[in-house]
*Asks:* 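Mind having a look at this structure? Questions to follow.
Computed from a predicted model, the values in this text were never measured in an experiment.
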Amino acid sequence: MAIVKTNLNFHQTFSPDASAISTLLSVAEEETAYTKEEISDITGIPTGKSSGKVEPFIKYAQFMGLLEDEYHDKKHLLKLTSLGKEVKYQDEVLQEKATIYLCHSNMVLSSGASLWNFVFSNIFPRYGNKLKMTTFMDALKVQYKGTDVNMSPFYTSYSGMFRKLAVLKTTPEEVKCTFLPFKDAYINIYAYILLKEWESLHDGILELTADDFYAMNVDAKLCLSRSDFDKVLSTLESHGIIKFERLLTPFIVLKLHSSDVIIKHIYSTL
């Protein structure tokens, strides 16, 4: 799926809402072009001429890998992605913790939302999982110099849609990311996210050196410790998803499947 290009403040001050995004999946199932006002009438998501929640929530759903949006003549033609179809079938209201984790993991990928991606793939790996708010904000200012970034939707998403994950906590003094425990039941989620990021960053390449592989920071994007990520890799190798050529120095990682193949299996182990 193509990377969605948008500005940092695509959210228009609104944090993601699972219920609203769920209604957009139903609209996308129709594959009919609607104006944002028509989508508002169908879903009950409020909107206005210059602002509102419809278009920000469409963007969130795109960043979560659930929707594609073809915009033409002020109309949105929403379509479910392969992942969106599976999620709608398995958990239409987006309430299962595994679904929330899947949505969050997509958000922080390179194909996701820029702010979420930078925080989890750059700031935490660089500064550690607990840092002063001043350090956190300074890193954002350097990255997005000249851009006024509204952080409120980012923060409130972790007391809203992503609350069940308990992965991020902020106070006026500090920011803390909590590693999530490895779960055997999530192995296909791990596989999908790893393969999707590989395809985004190294399209068409089926083998990576250890340095290039770990540079993708997929462990951080999955909110896993390095030791738990190694458990993921060992399990994926035993399932024939990836393979390590350890006789080479540095060792080589081989990609044996595409992310699309994993989609229909994501919920099979839950």
*Asks:* For Ser15 and Pro153, work out which heavy atoms get closest and say how close.
*Replies:* CB-O, 3.5 Å
*Asks:* Using the rule that two of Ile, Leu, Val, Met, Phe, Trp, Tyr join whenever any of their side-chain heavy atoms come within less than 4.5 Å, decide whether Tyr155 and Tyr60 are in one cluster.
*Replies:* yes
*Asks:* Can you name the closest pair of heavy atoms from Glu37 and Thr47 and give their distance?
*Replies:*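 Between these two residues, the closest heavy atoms are CA-CG2, 4.1 Å.
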*Asks:* Could you tell me if the side chain of Leu115 sits less than 4.5 Å from the side chain of His11, heavy atoms only?
*Replies:*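 With C-beta onward as the side chain, the pair stays apart.
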*Asks:* Side-chain donor-acceptor contacts of residues 121-138 below 3.5 Å, not counting sequence neighbours, with atom names and distances?
*Replies:*
from: Ser121; atom 1: OG; to: Asn117; atom 2: O; distance (Å): 2.5
from: Asn129; atom 1: ND2; to: Cys177; atom 2: O; distance (Å): 3.2

*Asks:* Evaluate the side-chain proximity of His265 to His239: yes if any heavy-atom separation is below 4.5 Å, no if none is.
*Replies:*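 Result no, sub-4.5 Å side-chain heavy-atom pair not found.
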*Asks:* For Thr99 and Tyr267, which I'm curious about, is there any donor-acceptor pair between the side chains at under 3.5 Å?
*Replies:*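 The answer is yes; a qualifying pair exists.
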*Asks:* Using a 6.0 Å cut-off, check whether atom OH of Tyr89 has over 12 heavy atoms from anything other than its own residue.
*Replies:*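 Not buried by this count: 12 neighbours or fewer within 6.0 Å.
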*Asks:* Which residue, Glu29, Glu70, Glu68, forms the salt bridge (charged side-chain N to carboxylate O under 4.0 Å, His left out) with Lys79?
*Replies:*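 When Glu29, Glu70, Glu68 are each tested with Lys79, the salt bridge (charged side-chain N to carboxylate O under 4.0 Å, His left out) holds only for Glu70.
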*Asks:* Taking the six-membered ring for Trp, is the centroid-to-centroid distance between Phe63 and Phe10 below 6.0 Å?
*Replies:*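 Under 6.0 Å, so yes.
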*Asks:* I'd like to check Thr209 versus Ile252 (side-chain heavy atoms, cut-off strictly below 4.5 Å). Are they in contact?
*Replies:* yes
*Asks:* Nearest 0.5 Å, what's the CD1-NE2 distance between Ile241 and His257?
*Replies:* 4.5 Å
*Asks:* Begin with the C-alpha distance, continue with both residues' side-chain angles, and end with the deciding distance and a verdict on side chain to side chain contact (heavy atoms under 4.5 Å, CB included) for Leu222 and Tyr186.
*Replies:* CA-CA 11 Å; Leu222 288 168; Tyr186 284 9; over 6 Å; no
*Asks:* To the nearest 0.5 Å, what is the distance between CH2 (Trp198) and CD1 (Ile205)?
*Replies:* 9.0 Å
*Asks:* Could you grab the distance from atom OG of Ser157 to atom CG of Leu165, nearest 0.5 Å is fine?
*Replies:* 9.5 Å
*Asks:* Apply the test side chain to side chain contact (heavy atoms under 4.5 Å, CB included) to residues Ile189 and Tyr192: give CA-CA distance (whole Å), side-chain angles for both, the deciding distance (0.1 Å), then the verdict.
*Replies:* CA-CA 5 Å; Ile189 296 178; Tyr192 174 74; 5.8 Å; no
*Asks:* Just by distance, do the side chain of Asp91 and the backbone of Val87 share a donor-acceptor pair under 3.5 Å?
*Replies:* no
*Asks:* Side chain to side chain contact (heavy atoms under 4.5 Å, CB included) for Ile266 and Leu83? Distances and angles first, verdict last.
*Replies:* CA-CA 9 Å; Ile266 282 179; Leu83 179 64; 3.7 Å; yes
*Asks:* Is there a path of hydrophobic side-chain contacts, each under 4.5 Å between heavy atoms of I, L, V, M, F, W or Y residues, that connects Leu25 with Tyr71?
*Replies:* no
*Asks:* Taking Leu8 as the starting point, is it possible to reach Met151 by hopping between hydrophobic residues whose side chains are less than 4.5 Å apart?
*Replies:*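 Yes, Met151 connects to Leu8 through the hydrophobic network.
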*Asks:* Enumerate the residue pairs fulfilling salt bridge (Lys or Arg N to Asp or Glu O under 4.0 Å) with a member in residues 203-224, sequence neighbours excluded, ordered by first and then second residue.
*Replies:* Glu197-Lys221
*Asks:* With heavy-atom distances below 4.5 Å as the criterion, would you say the side chains of Ile263 and Lys85 are in contact?
*Replies:*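 With C-beta onward as the side chain, the pair stays apart.
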*Asks:* Answer with yes or no after comparing the ring centroid distance for Tyr158 and Phe154 against a 6.0 Å cut-off, counting only values under it.
*Replies:* yes
*Asks:* Scan for side-chain hydrogen bond (donor to acceptor under 3.5 Å, both in side chains) pairs involving residues 140-150, sequence neighbours excluded, and state none if there are none.
*Replies:* Ser114-Tyr144
*Asks:* May I ask whether Phe251 and Met216 are part of the same hydrophobic cluster, defined by side-chain heavy atoms of I, L, V, M, F, W, Y residues being less than 4.5 angstrom apart, directly or through others?
*Replies:*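 Yes, one cluster joins them.
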*Asks:* Ser110 and Leu201: which non-hydrogen atoms are nearest, and at how many Å?
*Replies:* OG-CD2, 3.6 Å
*Asks:* Taking the side chain as C-beta and beyond, is there a heavy-atom pair between Pro16 and Met107 under 4.5 Å?
*Replies:* no
*Asks:* Which heavy atom of Leu77 sits nearest to which heavy atom of Ala33, and what is that distance?
*Replies:*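 Nearest pair, atom of Leu77 first, then Ala33: CD1-N, 3.7 Å.
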*Asks:* Is the count of non-hydrogen atoms from other residues, nucleotides or ligands lying under 6.0 Å from Leu248 atom CG greater than 12?
*Replies:*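 Yes, CG of Leu248 has more than 12 neighbouring heavy atoms, counting only those of other groups under 6.0 Å.
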*Asks:* Do Phe57 and Thr43 make a side-chain contact, defined as non-hydrogen atoms from C-beta onward lying under 4.5 Å apart?
*Replies:* no
*Asks:* Scan Leu195, Leu194, Leu256 and name whichever one has a side chain to side chain contact (heavy atoms under 4.5 Å, CB included) with Leu236.
*Replies:* Leu194
*Asks:* Working to the nearest 0.5 angstrom, can you tell me the gap between Thr23 OG1 and Ile42 CD1?
*Replies:*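 Atom-to-atom, Thr23:OG1 and Ile42:CD1 are 9.5 Å apart.
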*Asks:* Looking at Glu30, Lys36, Glu38, which one forms a side chain to side chain donor-acceptor pair (under 3.5 Å) with Tyr34?
*Replies:*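 The side chain to side chain donor-acceptor pair (under 3.5 Å) with Tyr34 is passed solely by Glu30 among Glu30, Lys36, Glu38.
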*Asks:* For residues Thr235 and Ser238, report the shortest heavy-atom separation together with the two atoms involved.
*Replies:* O-OG, 2.6 Å
*Asks:* Ignoring hydrogens and angles, tell me if any N or O in the side chain of Lys183 forms a donor-acceptor pair with the backbone of Leu270 under 3.5 Å.
*Replies:*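 Not confirmed, Lys183 side chain does not pair with Leu270 backbone.
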*Asks:* Hey, could you give me the CG/CZ distance between Leu224 and Phe179, rounded to the nearest 0.5 Å?
*Replies:* 8.0 Å
*Asks:* Could you tell me if the side chain of Leu109 sits less than 4.5 Å from the side chain of Ser200, heavy atoms only?
*Replies:*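 Side-chain contact under 4.5 Å: no.
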*Asks:* Can you confirm whether Ile45 sits close enough to Asp17 that some side-chain heavy atom of one is under 4.5 Å from a side-chain heavy atom of the other?
*Replies:* no
*Asks:* Starting from the C-alpha separation in whole Å, work towards a yes-or-no answer on side chain to side chain contact (heavy atoms under 4.5 Å, CB included) for Lys88 and Ser26.
*Replies:* CA-CA 8 Å; Lys88 188 178 188 305; Ser26 295; 3.6 Å; yes
*Asks:* I need the single residue from Ser111, Ser258, Ser259 that forms a side chain to side chain donor-acceptor pair (under 3.5 Å) with Glu199. Which is it?
*Replies:* Ser259
*Asks:* Quick one: closest heavy-atom pair of Phe244 and Val253, and the distance?
*Replies:*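 Nearest pair, atom of Phe244 first, then Val253: CE2-CG2, 3.6 Å.
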*Asks:* Looking at CZ of Phe162 and NE2 of His104, how far apart are the two atoms once the value is rounded to the nearest 0.5 Å?
*Replies:*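 So the gap between those two atoms works out to 5.5 Å.
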